[in-house]
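Worth knowing before you read on, the calculation uses all heavy atoms, side chains too, and leaves out hydrogens, waters and symmetry mates. Chain naming here is simple, since letters A, B, ... match the order of the sequence lines and numbering starts at 1 in each. Please read all numbers here as calculations on a predicted model, not as lab measurements.
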Protein chains: 2
Amino acid sequence: MKKNNSVSDGDQPAIRAPRAVPSLKGVPMAARVAQRRTLLLDAALEAFGTRGYHAVTVREICAGARLSERYFYESFKSLEALFSALYLQLNEQLKTATLAALMVAQLKTASGPDRERIDALARAGLRVLLEFIRDDPRRARVMLIDAISISHGVGRISGQITREYAELTQRFIEQLFPNADARGIDIGVIATGLLGANIHIATQWVRDGFRPSFEVVLRNNLAIYQALSAFWSGLQPLDTAASAKPPV
Amino acid sequence: MKKNNSVSDGDQPAIRAPRAVPSLKGVPMAARVAQRRTLLLDAALEAFGTRGYHAVTVREICAGARLSERYFYESFKSLEALFSALYLQLNEQLKTATLAALMVAQLKTASGPDRERIDALARAGLRVLLEFIRDDPRRARVMLIDAISISHGVGRISGQITREYAELTQRFIEQLFPNADARGIDIGVIATGLLGANIHIATQWVRDGFRPSFEVVLRNNLAIYQALSAFWSGLQPLDTAASAKPPV
DNA sequence: AAACTTTGACATCGATTGATGTCAATATCC
DNA sequence: GGATATTGACATCAATCGATGTCAAAGTTT
């Protein structure tokens, strides 16, 4: 970065202040770099999501985005930075969709009993997750598989996000089990297990070509929640006759 | 590979059959290459288990094993082949230990009721898994993290092994839920979820420096099994007062 | 001891990659 | 229309890695 003052450098005013070109083809500068950044992120989802992080190069990303390699470093410092940005973006999308669905479920069951509301909340959250990766399986590769194994750059981000999800699950379960730790229960471990069940079910669901069907996966994944809920509240199983009737 | 027949190649017997040197320093040839292979596998566990697969090179493996780079290719075709061998070796160890523990638990509870035996079997299997990665956390990095994300060479092996564990879990659960599919239950999904819970709990346990304690993790992981068992059999929860009493 | 094999340390080669630079063509502002 | 900024295609450079080769020292067999 060289200062380009118009009146400096002794006696030669040959170097003049560079005129800022605010807009090109009608779009301002900031919008253009943002558009290029979006193109790079799209190409990143395609490349990372199909061939995996470690099989992708900067050149491939740029070729996929139809951009020169210089514009890669305009928006991202390295491949890992691009992956982190993509990972954070996908998590933001999932989190937004999840919170919206939980909000709706909360309103719809506000007047009902606690057990029904909790059941509806779990079902809504699981549905969003499964829809999220069914609508674009590349997200599963990025979020559920690659993000975990990348070394200490993305690893800490991924670990942080995973911890956030675990805490979210944990707070959810705390409502499920009122006086849990009095009975020797560690809610953190239970929440970690439930989150792992969700992740693994979703991952294998993608791997097996979305078999079994969406509804079967959702119902059985939810059944694990119901089982824990019923187990610790000492109640009878929830209405499996109504919610677990097989359409197959 | 050039044939070194002592009487061939026209008229020049200059090339003679290479004498086989069966033993050097008292150890025969086969034992020496086997020993070098073991050294490489040890170095692989150290390198892969601490820095991850994609951050390791052939040179590092050879330096760790204090072997020349030529002996790497004597036993393994590529880094991926070495990782596959290590992965298969670790799985073999875990499988052997697990089957042995299940055998003991089976014999100890053969005369008791089914529910107690199933509970003992699950506890024994989980205990072996947790001990396996506590005794050497590098195994967790290799088996639970890296093996999943490697592309189509190890990926298929890892997928196959994962599927085997899922089927083992599934067969275990089939005993838990006698007439499950009649109620719209997909045992495969449940088994996948339980396996994912085990894996994730173990992974996070290593990451968090083995906190909470071994017994707490084991008890709560087992509680998920117990909850599902109790849920589907319609029984009251198992004796949580006896098995879930916190020593902390 | 001679002939041969095995071992170990190191060199070398080709290919790939990240990162930066070059340069002409195009678009914009004065 | 001229000066400048932006864009795009491509070249270049240093570093790394996998894979193979070289060569002398040590060990073994006859």
For this session: Please list, chain by chain and in numerical order, all residues satisfying side-chain hydrogen bond (donor to acceptor under 3.5 Å, both in side chains) with B/E74, sequence neighbours excluded.
Result: B/R36
For this session: Would you mind checking if B/R51 and B/E46 are paired as a salt bridge, meaning a charged N to carboxylate O distance below 4.0 Å?
Result: no
For this session: Could you run through nucleotides 8-21 of chain C and give me one letter per nucleotide, 5' to 3': B if any protein heavy atom sits under 4.0 Å from the base, S if only the sugar-phosphate is that close, - if neither?
Result: BBB-B----BBBB-
For this session: Please state how far atom CD in B/E80 lies from atom C1' in D/dA19, giving the value in whole angstrom units.
Result: 16 Å
Problem set entry | Whole-Å distance separating the CE atom of A/M29 from the P atom of C/dA27 | 17 Å
Problem set entry | Distance, rounded to the nearest Å, where B/E74 contributes CD and D/dA19 contributes C1' | 16 Å
For this session: Determine the interplanar angle of the B/F83 and B/Y87 rings, folded into 0 to 90°, and report it as parallel if under 30°, tilted if 30 to 60°, perpendicular if over 60°.
Result: parallel
Problem set entry | Carboxylate-amine/guanidinium proximity below 4.0 Å for A/R141 and A/D136 | no
Exercise. Using 4.0 Å as the upper bound for N to carboxylate O, is an ion pair formed by B/D208 and A/R163?
Worked result: yes
